There are 2 protein chains.
Amino acid sequence: MRQAVTLRQVAAHAGVSRQTVSNVLNAPHRVEEITRVKVQAAIEALGYQPNRTARSLATRQAGLIGYCLARRPGRSLFMDPFLHALTEAIEGTGRRMLVFTAPDGEQGIATYADLIAQRAVDAFILSDTVPDDPRHSWLASRGVPFASFGRTWPEQGEQPGPWVDVDGAGACAELVRRLHSAGHDQIAFVGWCDLLAMGAGKDRQRGWQDECARLGLLEQAAYADSDSMDGAASAAAQLLDGSTPPTAIVAASDLLAVGVVGELRRRKLRPGHDVWVTGFDDSVLASSVEGGLTSVSQPTAEITSALVKRLDAEQDPAGVLLAGQIVSRCSAPVDL
Amino acid sequence: MRQAVTLRQVAAHAGVSRQTVSNVLNAPHRVEEITRVKVQAAIEALGYQPNRTARSLATRQAGLIGYCLARRPGRSLFMDPFLHALTEAIEGTGRRMLVFTAPDGEQGIATYADLIAQRAVDAFILSDTVPDDPRHSWLASRGVPFASFGRTWPEQGEQPGPWVDVDGAGACAELVRRLHSAGHDQIAFVGWCDLLAMGAGKDRQRGWQDECARLGLLEQAAYADSDSMDGAASAAAQLLDGSTPPTAIVAASDLLAVGVVGELRRRKLRPGHDVWVTGFDDSVLASSVEGGLTSVSQPTAEITSALVKRLDAEQDPAGVLLAGQIVSRCSAPVDL
């Protein structure tokens with residue numbers, strides 16, 4: 001590697017002390033304008049790059065934001081583009097992303113504690129939240145800055161700390177309204193069983209359920225025993241074999257919806273004709289299904305930019321609920 | 001946050017100098033066993049956690065490995081689990097993962113240069129390699145440690161630096177052999193058009209082509225103009241409308257294969273009966289297709305552990321070619 005330019009060389013070139021150069025880098029408000037300009041010129045002339053490690057020791061900041069990678073194969077289609085957008089948003093603020101793995105639930109707290117104790121990160125972005133998520137209350141109680149993609153749906157009281165979320169309940173209610181307007185009155189729901197405890201799945205289910213109740217529709221739901229198409233196909237079979245088979249099925253994710261579509265095809269039923277089907281995430285899967293899958297798109301750029309804003313300053317309000325966008329395709333032509 | 005235990009407190013508790021504690025942490029071989037045990041006991045008794053930033057300044061290591069996130073929606077299904085496994089493997093060596101974004105090609109080099117100049121990372125893991133990838137030769141020429149998932153297929157000479165890859169050519173040749181054994185002699189290929197320059201796509205195509213040549217089979221290929229199911233469906237349509245329609249189609253990815261399956265269904269052709277179809281990656285998509293998609297599984301755990309090994313030491317050989325595993329499902333029952 002080329003020999004790095006040192007802070008000492010910059011100081012000599014500008015004719016100032018090393019402390020002054022350090023101030024220009026870390027506390028520019030302490031330095032007179034004329035001095036600041038002189039030092040900046042020297043930095044540019046020499047191509048000086050501050051050593052991040054030394055600098056972070058001086059500012060007591062790691063310059064890194066921590067983000068835990070969850071292992072949920074079915075969610076890859078949404079979480080992978082989300083991570084890319086989040087990393088770009090963090091980089092836009094001059095910081096970088098540290099990703100790590102941790103066990104789910106209480107057991108994972110030790111990893112967060114390690115990262116803080118080692119001063120490896122300054123703050124966390126959380127996702128894959130669950131009801132009463134132990135991470136949120138733990139971080140909040142210790143004054144560690146964080147912003148959460150997803151709510152923690154506390155049994156009582158308020159969300160601990162700032163959050164950004166997509167209104168899954170609102171989007172599913174809107175789907176039910178549109179399906180009902182199109183003539184459906186047997187609108188079933190297919191969700192997750194083992195992940196039903198997960199906030200997002202429950203939120204989507206609640207939106208479907210409340211709107212069915214409001215419209216006086218029968219509430220029929222079935223749950224996949226794993227986050228897979230096979231699980232969703234079994235759940236759909238259960239509904240279709242019932243005494244009042246649905247004419248429309250709202251699924252909690254694209255993966256589940258594609259499983260439902262598969263079960264319809266096995267029965268020679270045509271999605272979007274015999275039975276209408278909707279998904280959630282507007283992932284690459286939604287365009288993979290023959291004719292396309294009607295789905296709910298999450299506004300990734302808005303989500304990540306709101307998360308980064310909430311990380312940096314006390315915000316009023318602490319929470320932001322963004323609307324999902326219904327993308328209508330052949331599996332359920334619900335365009336208005 | 002709780003007041004952190006200091007190195008000074010550990011030294012006092014163990015009755016040794018601060019330098020000795022520092023040596024135990026950073027150069028344990030310099031310390032006598034009896035002293036090391038005493039200091040370790042003090043560290044545990046007080047719950048001391050070394051400050052990573054201060055420690056990295058002492059050892060001149062960031063303790064971080066850099067990895068660039070590529071934006072390729074269709075690849076999410078493989079790259080998301082890969083990133084999780086890679087992060088775990090890096091963590092297994094006591095270091096952490098820094099992820100970043102960068103433009104493709106030559107333009108991206110500036111980002112790698114910044115990360116090195118800032119000493120933000122000690123080394124890089126590369127993926128999404130292209131022929132004569134500019135990152136590899138740039139890093140190699142500057143002596144920056146890296147390991148590459150994927151080869152750079154240089155026009156001449158050797159791979160610059162250590163690499164790990166999956167033998168895509170070998171797996172596709174094996175698929176052709178098995179399809180031929182099952183009675184097929186019109187075995188076509190569906191690949192990427194704009195990404196054909198990409199090493200992995202070309203490698204898979206080469207395996208199919210060489211084996212067809214060896215068996216004296218007609219070589220018919222069509223290319224999707226985007227990394228999408230729609231693109232693959234058009235490519236499949238082109239093949240099926242030709243004068244010698246294929247009875248089997250080897251696709252360069254699961255995403256492409258699902259597009260091919262969609263086109264077959266539109267024509268009332270049954271995958272695995274009328275036309276056999278294979279994919280690549282054994283992603284969640286492979287189990288999504290009705291009856292399942294025959295695909296090639298990449299050994300993620302082996303890949304990531306081999307990458308980390310290559311990062312740490314000069315290895316002989318510098319490159320490791322791992323075999324893909326054919327997973328047979330209904331779209332092409334090629335089990336032997």
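Each chain gets a letter, A, B and so on, in the order the sequences are listed, and its residues count up from 1. Note that this is a predicted model, so its numbers are computed, not measured. Heavy-atom basis, side chains included; hydrogens, waters and symmetry copies ignored.
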Flag the pair B/Val284 / A/Leu285 as yes when at least one side-chain heavy-atom distance between them is below 4.5 Å, and no otherwise.
-> no

Within a reach of under 6.0 Å around CD of A/Gln325, are more than 12 heavy atoms found that belong to other residues, nucleotides or ligands?
-> no

Residue, of B/Val258, B/Leu98, B/Val261, that accumulates the most heavy atom pairs under 4.5 Å with chain A = B/Leu98

Would you mind telling me which of B/Leu115, B/Val121, B/Leu64 makes a side chain to side chain contact (heavy atoms under 4.5 Å, CB included) with A/Arg96?
-> B/Leu115

Looking only at B/Thr101, B/Ile90, B/Asp114, the option with the highest number of non-hydrogen pairs under 4.5 Å against chain A is B/Thr101

Distance col, row A/Phe100:CZ vs B/His84:NE2, nearest 0.5 angstrom, shows 10.5 Å

Chain A heavy atoms under 4.5 Å from B/Glu91: which part of the residue, side chain, backbone, both or neither?
-> side chain

Portion of B/Ala232 that has a non-hydrogen atom of chain A nearer than 4.5 angstrom = neither

Rounding to 0.5 Å, atoms CZ (B/Arg265) and CZ (A/Arg265) come to a distance of 6.0 Å

Interchain contact, B/Leu83 with chain A, by part (heavy-atom threshold 4.5 Å) = both

Residue A/Ala233 versus chain B: region with a heavy atom under 4.5 Å | neither

